[in-house]
2 protein chains.
Amino acid sequence: MSKRVGIRDVAAAAGVSLTTVSHALSGAGQLSDATRERVRSVAADLNYAPNRLASGLRSKRSQIIGFVSDEISTTPYAGRVLLGAQEAAAKNDWVLMIVNTSADPRFEGRSIEALLQHRVDGIIYARMYHQTVAVPEALVGVPTVLLDASTGNDHISSVVPDEEGAARTAVEHLIAAGHRRIGYLSNVDDIPATRGRLDGYRATLRAHGIEVDETLITASDSTTASARAAAALLLDRSDRPTALFCFNDRIAMGAYQAAQTRGLRIPDDLSIVSIDNFEILADAMLPGLDSVALPHYEMGQWAIERLALELQADGDDDDAPAPQQIRMHCPLVTRQSVGPPPH
Amino acid sequence: MSKRVGIRDVAAAAGVSLTTVSHALSGAGQLSDATRERVRSVAADLNYAPNRLASGLRSKRSQIIGFVSDEISTTPYAGRVLLGAQEAAAKNDWVLMIVNTSADPRFEGRSIEALLQHRVDGIIYARMYHQTVAVPEALVGVPTVLLDASTGNDHISSVVPDEEGAARTAVEHLIAAGHRRIGYLSNVDDIPATRGRLDGYRATLRAHGIEVDETLITASDSTTASARAAAALLLDRSDRPTALFCFNDRIAMGAYQAAQTRGLRIPDDLSIVSIDNFEILADAMLPGLDSVALPHYEMGQWAIERLALELQADGDDDDAPAPQQIRMHCPLVTRQSVGPPPH
DNA sequence: CTGAAAGCGCTAACAA
DNA sequence: TTGTTAGCGCTTTCAG
């Protein structure tokens, strides 16, 4: 760690001025290819690395993106979101500064303040499951993209999963296998996913000429234990459904357990499909669970790329791209939990 | 976002010099309580917030800690580690800059380089499961703490779970319930956890006067499907064990499935305990799985606090604290998978 | 095409 | 106890 080499060392070694070095390295200015190359190779030889604090201070671009999320800690999806965001960020030579607010508004406020003090170039305001949110006061004027969250107004870009589409994909998977009596294990929280998936379920049945039997719809909270009980209600009926669509994988696990307790084999006696594709669960279940994947990685990636776009046009007020609200496609991942209905 | 207020605005408004403001806010220097208070209240009124790029550039302290990890994305534990680290960091007025290297050395090198360019004050070099690592060349001279990782030399602080202790806790839990024939479903990877837990298993049996029956030990990779087969080997014996200790929760899930296939009830016919306490799984399994928790949150917290300690004494070469290598205790979380052996 | 000079907003010597 | 003065290492006008 002998004294870090600075731009002036490079200038001295290359026999040019500070300006020339700066231009050569950043690509700005009009330099002859010869000098540019020479400066670059000298810099590389000296193992020069810029001090981002200094360049950020001067240029007003820190190359840092703030990532504000509610509960990175308690959800297993966070990793994929983060990875997507981070890999996209690296392509832009950005680095992520991440804060977990634990859904505590006070802590959220302080966290955003901290990010702003570090002069982040923009912020990804993320939720770990699809929610409608109010963007915090502190973020007005800061380039922001919402991830797995949306808000009433359309002044801000956002990306969420296409909940209705996900439900449609799942239900059509069952219909394609020949099922007509399809139960739905919904959840009870008043969130976009609940409404979207339920709407998608109903709409898809109707679109295929299947009448919606409201008694085939139950709801529980998203724990396996509660889902077990909800599934039992449907499976104990004499006219039980031949297939179950589950709000998410944890609920599907409850359905598996209820089926097992009753001696029903999956998929021979009962087909099951759900949404999440939470691999640790879906792969581990016996048989493997067919599940529609939520595009966590892709949402993370999209959010950063969108922010890049909006940041690029920053300053030029005119050609600033209009904010975009995206509902992202959710692909089906098949394993072994769906088969034809028993005759 | 009217032009951000700077330290000079505060100085002007308070009728003092820049220095005085700086001192008042940072707590340095010798100011009368009166001026200090006045400056602070003026700063608060103006909504002043320091520019960390500027202060970092000058003071050589960015207040950023780099967090380098192998696979945040693919492990569900990452969240807890991150949360522990982050909450501890916030207490020190630090913020975390996180990079996921996907275990790719090239990408790791570039990521560390990026962190260093941003002049992070220190680095947490983390793994998502206990590993022995070689600390990258680029980190020599940078204050670093290893998290869930250890290295040969003792010049660097590190924290890992006490693998042997965790196994002891698990096995003693079974012994306390009355079991003497206890099988072990190990895993096949050559990692510290594999060796530590196996050693702990053997040592604990011996300590309780139980002879180790090597035929009661099997190994599989850490997927539920493989574990199913490994468990079958033990459960199909006429003298099958009355209890199974499993390397981790996913393997335990395989054991559950093997038991279920054979009509063995848990815990009546077979008791099961494992290590991980991966809640989404352990809570969802039927019955709930007794599992020894890995102290993810606590390791994250410890790593940051340790770094704080070492950073504080930085510069003063003499009173620099000696590096510390910690093996952290792993507490048992009981649910319903352990009972007395069948008679 | 290249260089000199002026700061970005703050902190740390040093004076007063 | 407070103020003055130099920079931290870089980018960016603006001249040559």
Side-chain angles (χ1 to χ4, degrees), chain A residues 1-40 42-43 46-64 93 114 116-121 315, chain B residues 1-40 42-43 46-64 93 114 116-121 315:
Chain A
M1 273 259 111
S2 54
K3 199 165 166 307
R4 266 194 103 88
V5 339
I7 200 176
R8 61 205 325 139
D9 301 304
V10 178
V16 294
S17 75
L18 297 187
T19 318
T20 306
V21 175
S22 178
H23 284 173
L25 296 177
S26 71
Q30 312 282 306
L31 295 197
S32 68
D33 287 352
T35 31
R36 169 157 292 151
E37 258 328 298
R38 191 158 48 81
V39 170
R40 285 195 172 161
V42 170
L46 292 184
N47 232 309
Y48 166 77
N51 180 334
R52 302 267 181 181
L53 293 174
S55 66
L57 175 60
R58 182 65 239 243
S59 69
K60 308 218 169 291
R61 289 240 157 171
S62 63
Q63 309 282 78
I64 305 172
D93 202 15
L116 261 23
Q117 289 185 7
H118 283 280
R119 295 298 185 270
V120 294
D121 292 334
Chain B
M1 274 261 113
S2 54
K3 199 164 166 309
R4 267 195 101 90
V5 339
I7 201 175
R8 60 206 324 141
D9 301 305
V10 178
V16 295
S17 76
L18 296 188
T19 319
T20 306
V21 176
S22 178
H23 284 172
L25 296 177
S26 72
Q30 313 282 307
L31 296 197
S32 69
D33 287 353
T35 30
R36 169 157 291 149
E37 259 326 299
R38 190 157 49 82
V39 170
R40 286 196 170 160
V42 169
L46 293 183
N47 233 307
Y48 167 77
N51 180 334
R52 303 269 182 177
L53 293 174
S55 68
L57 175 59
R58 182 65 239 241
S59 68
K60 309 221 169 291
R61 290 241 157 170
S62 63
Q63 308 282 79
I64 304 173
D93 202 16
L116 260 24
Q117 289 186 7
H118 283 280
R119 295 297 186 269
V120 294
D121 292 333

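By convention in this document, chain letters (A, B, ...) are assigned in the order of the sequence lines, proteins followed by strands, and residues within each chain are numbered from 1. Hydrogens, waters and symmetry mates are skipped; everything else that's a heavy atom, side chains included, is used.
- When each of A/A54 and A/T35 is assigned the nucleotide of DNA chain C bearing its nearest heavy atom, the one mapping closer to the 5' terminus is A/T35.
- Taking only side-chain atoms of A/I7, from C-beta outward, the nucleotide of C/dT11, D/dC10, D/dC8 with the closest atom is D/dC10.
- C/dC14 atom P lies 19 Å from atom CG of B/L18, rounded to whole Å.
- Rounded to an integer number of Å, the gap from CZ of A/R119 to C1' of D/dC10 is 17 Å.
- Checking A/T19 against A/S22 by side-chain atom types alone, no donor-acceptor pair falls below 3.5 Å.
- Considering only the side chain of A/R58, D/dG9 comes nearest among C/dA12, D/dG9, C/dG3.
- Looking at the side chain of B/V16, the nearest of the listed nucleotides D/dG3, C/dG3, D/dC10 is D/dG3.
- When rounded to the nearest whole Å, the span between NZ of A/K60 and C1' of C/dG7 equals 10 Å.
- Using a 4.0 Å heavy-atom distance criterion, A/S22 is classed as a base contact.
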- Task: Show your reasoning for whether salt bridge (charged side-chain N to carboxylate O under 4.0 Å, His left out) applies to B/D93 and B/R52.
- Result: CA-CA 11 Å; B/D93 202 16; B/R52 303 269 182 177; 3.2 Å; yes
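- No hydrogens or angles were tested; on distance alone, nothing pairs the side chain of A/T19 with the base of D/dT11 as donor and acceptor under 3.5 Å.
- Closest contact between the side chain of A/L57 and the listed nucleotides C/dG9, C/dA12, C/dC10 involves C/dG9.
- In this structure, B/R38 and B/S59 both approach DNA chain D, and ranking their closest nucleotides by distance from the 5' end singles out B/R38.
- Within the 4.0 angstrom heavy-atom criterion, only backbone atoms of the sugar-phosphate kind lie near A/S55; the bases stay farther away.
- Residue A/Y48 places at least one side-chain N or O closer than 4.0 Å to OP1 or OP2 of D/dC10.
- Side-chain proximity of A/H23 to D/dT5, D/dT12, C/dT11: nearest is D/dT12.
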